[in-house]
Amino acid sequence: MSQEILGKGISISKEGINRRINEKSVSLLKDILNQVLSINLSPINSIKSNFSSIVLTDATSFQLPECLNDSYSGFGGNHGRKGGVKVQYQISLTDGVTKTEITSATTNDQKSTIIQPKENELHLFDLGYFSLARLKEFDEKGAYYLCRLKTNTIVSILTEGDFKLFDWQKTPKNFKVGETIELAVCLGNKREVKTRLFVSKLDKKNADEKRRKLRRYYQRHGRKPSKKNLKCCDFTFHISNVPKKELSKDNAQKMYSLRWQIEIQFKTWKSFMNIDKVSHMNQCRFECHHYGSLIFILLTSKILQAYKYAYWEAEQVELSELKAMKFLSIQKELIWKMILGTNKEAKIAAESISKTLRKTCIKEVRKGKKSPLEIIENCLS
């Protein structure tokens with residue numbers, strides 16, 4: 001670190017840096033991170049959609065040295081590493097706006113406040129954030145959700161003027177692989193949430209893989225899955241309050257597949273940005289390292305998003321997050337010049353980054369498949 005600082009013309013010794021890694025440094029980096037989160041480099045309305053924003057939310061966690069266990073409790077693991085940190089992350093696919101929350105790894109996702117629905121937003125999230133109270137909040141605020149359904153939820157179907165409990169183990173006759181049926185249902189004991197339920201049948205290969213993972217999960221916890229849970233592996237269950245005219249049953253699962261984009265970003269954080277590589281250190285040093293890493297990661301992500309939208313708007317080509325972040329992760333000097341250099345230096349750096357991204361980082365899409373931005377425009381426009 002001291003060598004990098006000296007390279008910027010700032011004279012400070014290694015010991016001088018060590019003395020300045022304290023609570024004030026942590027507070028400063030938190031403030032800088034908040035400023036980075038507020039930056040929006042993406043063009044307005046670059047992606048066509050009927051929603052004001054399409055928002056993805058998920059969390060990633062990783063283990064820390066045991067010395068940080070008092071500050072960041074984890075789930076335990078091998079080699080005596082018991083501490084853990086979780087990063088709640090939210091990004092809008094349509095305008096690039098981002099949010100984060102930092103907690104201990106054991107913090108329940110349902111307790112996170114990162115999901116704050118606004119009118120006409122569409123939110124995609126996983127089971128960790130599922131709760132009836134949250135779904136009711138979406139309805140109250142005029143916002144929309146698309147998520148998976150927990151199979152322990154009480155589901156009622158209006159049949160012949162009366163409500164009947166949904167039987168998870170019974171399926172319609174002649175239900176074909178790849179087919180999706182839609183049901184109007186109510187969730188909860190008091191039927192407090194009215195929603196659309198999409199049931200899709202999986203092929204045998206994917207269903208067997210789900211059962212294998214389910215058995216492995218229960219085995220780790222010393223239990224056995226129920227017949228109901230094993231039967232449910234033959235299907236996917238999604239729910240949404242988006243009106244039919246805005247989202248068809250056949251497009252619901254395609255739209256939900258966009259949630260994988262946030263998993264790809266987490267992969268780049270760990271594979272290229274090394275956010276999870278933490279050695280033995282005190283809390284202040286770890287937090288400086290962690291917030292500093294997030295600053296570079298999110299700033300780089302925003303630069304990528306700006307180029308991604310620009311190329312899509314101009315040429316209808318989409319950049320690959322994996323390829324682009326791998327390239328940008330080693331371009332600190334160019335990014336430094338792009339942000340803090342002279343006008344001439346910033347222009348040259350921006351052109352250099354743009355040229356390489358366009359030449360080497362275009363997303364490859366398999367024949368018959370659609371890219372994420374194509375899915376948005378085809379399913380929702």
Side-chain angles (χ1 to χ4, degrees), residues 1-8 10-37 58-89 98 100-109 112 220 262-304 321-322 324-336 339:
M1 183 187 290
S2 58
Q3 290 180 348
E4 290 187 15
I5 293 175
L6 287 170
K8 307 302 178 187
I10 302 171
S11 179
I12 188 170
S13 66
K14 184 176 180 179
E15 181 59 30
I17 293 174
N18 289 334
R19 290 180 180 178
R20 287 166 174 79
I21 297 177
N22 50 37
E23 292 180 357
K24 290 183 179 179
S25 301
V26 174
S27 180
L28 172 64
L29 289 171
K30 281 184 179 180
D31 290 341
I32 295 174
L33 177 60
N34 288 331
Q35 291 180 38
V36 169
L37 288 169
D58 207 344
T60 185
S61 58
F62 52 90
Q63 289 186 320
L64 299 175
E66 192 172 2
C67 60
L68 293 167
N69 190 43
D70 290 341
S71 304
Y72 295 92
S73 57
F75 296 105
N78 298 327
H79 313 299
R81 297 169 67 89
K82 296 181 180 179
V85 66
K86 177 180 286 188
V87 182
Q88 299 282 351
Y89 182 56
T98 53
T100 62
E101 283 182 3
I102 316 299
T103 65
S104 297
T106 53
T107 304
N108 193 315
D109 290 340
S112 171
R220 289 201 304 266
I262 204 168
E263 298 287 353
I264 291 175
Q265 293 200 33
F266 289 153
K267 183 175 180 179
T268 68
W269 292 13
K270 294 178 179 180
S271 298
F272 310 136
M273 303 298 193
N274 297 321
I275 191 173
D276 57 335
K277 302 298 187 294
V278 182
S279 58
H280 188 95
M281 59 182 72
N282 63 38
Q283 182 179 346
C284 284
R285 182 173 287 274
F286 162 69
E287 290 182 348
C288 284
H289 163 80
H290 187 58
Y291 287 115
S293 297
L294 281 174
I295 288 168
F296 179 65
I297 287 170
L298 296 179
L299 190 56
T300 305
S301 297
K302 287 178 179 290
I303 292 172
L304 167 58
E321 285 81 3
L322 283 172
M325 288 296 279
K326 185 176 182 179
F327 163 69
L328 292 171
S329 66
I330 57 175
Q331 301 301 324
K332 291 183 181 180
E333 191 64 32
L334 277 179
I335 293 173
W336 176 277
I339 298 171

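Numbering of residues begins at 1 and proceeds along the displayed sequence.
Atom CD of Glu101 has more than 12 neighbouring heavy atoms from other residues, nucleotides or ligands inside a 6.0 Å radius. Other residues, nucleotides and ligands contribute only 12 or fewer heavy atoms inside 6.0 Å of the NZ atom of Lys24.
When every heavy atom of Leu33 is checked against every heavy atom of Leu298, the shortest pair comes out as CD1-CD1, 3.6 Å. Contact record, Cys284 with Asn22: SG-C, 3.7 Å, taken as the closest heavy-atom pair. Taking both residues in full, the closest heavy atoms of Leu37 and Lys302 are given as O-NZ, 3.4 Å, listed atom of the first, atom of the second, then distance. For the residue pair Leu304 and Ala324, the shortest heavy atom distance occurs at CD1-CB, 3.4 Å. Between Ile335 and Ile303, the closest heavy-atom pair is CG2-CD1, 3.9 Å. Between Ser71 and Ser104, the shortest heavy-atom distance links the atoms O-OG, 3.6 Å.
Here the straight-line distance linking atom CD of Glu321 with atom OG of Ser301 works out to 9.0 Å at 0.5 Å rounding. Separation of atoms CG (Asp109) and CG (Asp58) is listed at 7.5 Å; rounding is to 0.5 Å. Here the CZ atom belonging to Phe327 is positioned 7.5 Å from the CD1 atom belonging to Ile330, to the nearest 0.5 angstrom. To the nearest 0.5 Å, atoms NZ (Lys86) and OG1 (Thr106) are separated by 7.5 Å. Ile295 contributes atom CD1, which lies 9.5 Å from atom CG of Asp31 (distance to the nearest 0.5 angstrom). Remark: Leu64 CG to Ser279 OG distance equals 11.0 Å, nearest 0.5 Å.
Proximity of Pro65 to Met281: side-chain heavy atoms (C-beta onward) are nowhere separated by under 4.5 Å.
Take His290 and apply the side-chain contact (heavy atoms from CB on, under 4.5 Å) test, not counting sequence neighbours, and it matches Phe62, Val85, Val87, Ile102, Ile275, Phe286, Leu294.
Of the possible donor and acceptor atoms, one in the side chain of Ser293 sits under 3.5 Å from a partner among the backbone N and O of His289.
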Residues 265-273, side-chain donor-acceptor partners within the protein, below 3.5 Å, at least two apart:
{"from": "Gln265", "atom 1": "OE1", "to": "Tyr89", "atom 2": "OH", "distance (Å)": "3.2"}
{"from": "Thr268", "atom 1": "OG1", "to": "Gln265", "atom 2": "O", "distance (Å)": "2.6"}
{"from": "Trp269", "atom 1": "NE1", "to": "Gln265", "atom 2": "O", "distance (Å)": "3.4"}
{"from": "Lys270", "atom 1": "NZ", "to": "Thr60", "atom 2": "OG1", "distance (Å)": "3.1"}
{"from": "Lys270", "atom 1": "NZ", "to": "Ser61", "atom 2": "O", "distance (Å)": "3.0"}
{"from": "Ser271", "atom 1": "OG", "to": "Lys267", "atom 2": "O", "distance (Å)": "3.0"}

